[in-house]
Amino acid sequence: MSIFSDIAIVWSKYGTQILSGIGNTVLISIAGTLIGLLIGLFNGVIRTVPTPKNPVSRAFLTVVNWIINAYVEVFRGTPMMVQAMIIYWGYAYMNGGSTLPLIPSGIAIVSINTGAYITEIVRGGIISIDRGQFEGAMSIGMSHFKTMIHIIIPQVMRNILPSVSNEFVVNIKDTSVLNVIGVTELYFYAASAAKNSYKLFASYLIACAIYFCLTFTVTRVLRLIEKKIEGKANYTVFGSQSDSVSEIHINEEETANV
Amino acid sequence: MSENIIEIKHLKKDFGNNTVLKDINFSISKGETISVIGSSGSGKSTMLRCVNLLETPTGGEILFHGQNIQTELDISKYRAKVGMVFQSFNLFDNLNALGNCMIGQTSVLGRDKKTAEKKAMEYLEKVGMTPYINAKPRQLSGGQKQRVAIARTLAMDPEVILFDEPTSALDPEMVGEVLSVMKRLSESGMTMIVVTHEMAFARDVSDRVIFMSDGLICEQGTPEEVFGSPKREETKSFLSRFLNQ
């Protein structure tokens, strides 16, 4: 029996089941990466708040920064599989055995873990923005938060997108560790197919191929988004024939003058 | 020209144990254009950055309409009224020329999009940048960037504009286009403090010239006084170096 016939057998018997795991894998990794990105951006904005003069808010900010640092160090410094176990069973321990629903727990664990990494990525992104961008925004009276939202974050996003894509790819693969708490994702089903069919090599080979298809698609899509964010190399000269917007502007001017 | 808009009293600024500004005193009244000249390192830019609180003064006080800008005024509201034009332009790289002139109006002044756009277009036209409103900063030349930066500042309807060596990063041709915009602004009655190395601009456009040396105001007066008959030795040698070029 060749490996190909093994694959064919596993596929015909467990194919649909394995494929059904893709849904959860994709859901958990997309949601985890997006929520992680939000956590990272939030932490990045908080960490760069200029030191307030008021001693109370300064002390408060110090405490918040300390918490963020502790969060980053702890979640970056421990394996996600262990975190999953601790959060899931920790909750059960403290709530008399009742457990959290699996998919939301999975999303939460991946989000918290990714957030720790992306916090550092965002910090690097903010540091890389020219000081002049902050000064330009400050000089027209923007507060720290307005500066961040309107000026800095859009530029940071463009700069950190390759690293965030990286995190996304890592997440697609690392959701497989969630099978330790029983989340029914791709690896969970591949492993059960392996156990039931006794064709371990073929089963995991199928899982491997699917993982690769997923990550490869994701990297291509993200590359397209990067290009889109980069913007066009050219611009339309205002008032030229190719500028469709210009006519609207001119009309507005005319009515405004009347 | 009686009402003082900004009054600077005993302004002092240290960077560590390096004293950059020792004791700066002057005031600017409505409609006045002051040029600040002096060699590099004399503290001109630091003084200007202190006025906008981009640097925190170590001592002394700065009054805006008689109110202390550090203790009595809300820093964001104050900065919205005092425009700043930078040597390195500092246009927002993520926005096009029009967006650069609108974002402050909508986010800081709370104007609606339509009003902001109308105002932005008005000032972009004033600086001759109407054809380039769709261009991002990286697609513009230095002189064009600086003109957009001036329009961005003007769109906030500031009471005073601070210019920090606005033409130092530009080639001679672009210097001309930016200076002519500034000249028209000055003639239209805008209150301006201009830190510059353009002696012709200082002489022909400003109402008052301040010569700074070593963290102090060494000499000040009308352009005729400072350029025509400088009293201090430092001023004479500085000007002779410039005028002999």
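Source: prediction; values computed, not measured. Below, read A as the first sequence line, B as the second, and so on, with proteins coming before strands; counting in each chain starts at 1.
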Out of Met84(B), Gln139(B), Lys81(B), return the one with the most heavy atom pairs under 4.5 angstrom to chain A. Gln139(B)

Taking CZ in Arg223(A) as the centre, count heavy atoms belonging to other residues, nucleotides or ligands within less than 6.0 Å. Is the count above 12? no

Gly136(A) versus Arg152(B), closest heavy-atom pair with distance: CA-NH2, 4.0 Å

Contact summary for Gly104(B) and Ile140(A), nearest pair of heavy atoms: CA-CD1, 3.6 Å

Donor-acceptor pair, side chain of Gln133(A) and main chain of Asn90(B), under 3.5 angstrom: no

Taking atom CE as the centre, does Met81(A) end up with more than 12 heavy-atom neighbours from other residues, nucleotides or ligands that are less than 6.0 angstrom away? no

Structural part of Ser88(B) lying under 4.5 Å from a heavy atom of chain A: neither

Heavy atoms only: give me the nearest Ile103(B)-Met142(A) pair and the separation to one decimal. CG1-CE, 3.6 Å

Apply salt bridge (Lys or Arg N to Asp or Glu O under 4.0 Å) to Lys119(B) and list each qualifying residue two or more places apart in sequence or on a separate chain. Asp157(B)

Which bit of Val85(B) is near chain A, if near means a heavy-atom gap under 4.5 Å: side chain, backbone, both or neither? neither

Sub-4.5 Å side-chain heavy-atom contact between Met138(A) and Ile75(B): no

Verify the neighbour count for atom CZ of Phe145(A): are there more than 12 heavy atoms of other residues, nucleotides or ligands below 6.0 Å? yes

Mind ranking Ile151(A), Asp130(A), Ile129(A) by heavy-atom pairs under 4.5 Å with chain B and telling me who comes out on top? Ile151(A)

Phe15(B) atom CZ, neighbour heavy-atom count above 12 within 6.0 Å: yes

Between Phe86(B) and chain A, which part of the residue has a heavy atom less than 4.5 Å away: side chain, backbone, both or neither? side chain

Given that the side chain runs from C-beta out, which part of Asn52(B) has a heavy atom under 4.5 Å from chain A: side chain, backbone, both or neither? side chain

To the nearest 0.5 Å, tell me how far Met157(A) CE sits from Asn94(B) CG. 12.5 Å

Distance check, rounded to the nearest 0.5 Å: Ser107(B) atom OG versus Lys146(A) atom NZ? 5.5 Å

Salt bridge (Lys or Arg N to Asp or Glu O under 4.0 Å) partners for Glu55(B), two or more places apart: Arg49(B)

Are more than 12 heavy atoms, taken from residues, nucleotides or ligands other than Tyr132(B), located less than 6.0 Å from that residue's OH atom? no

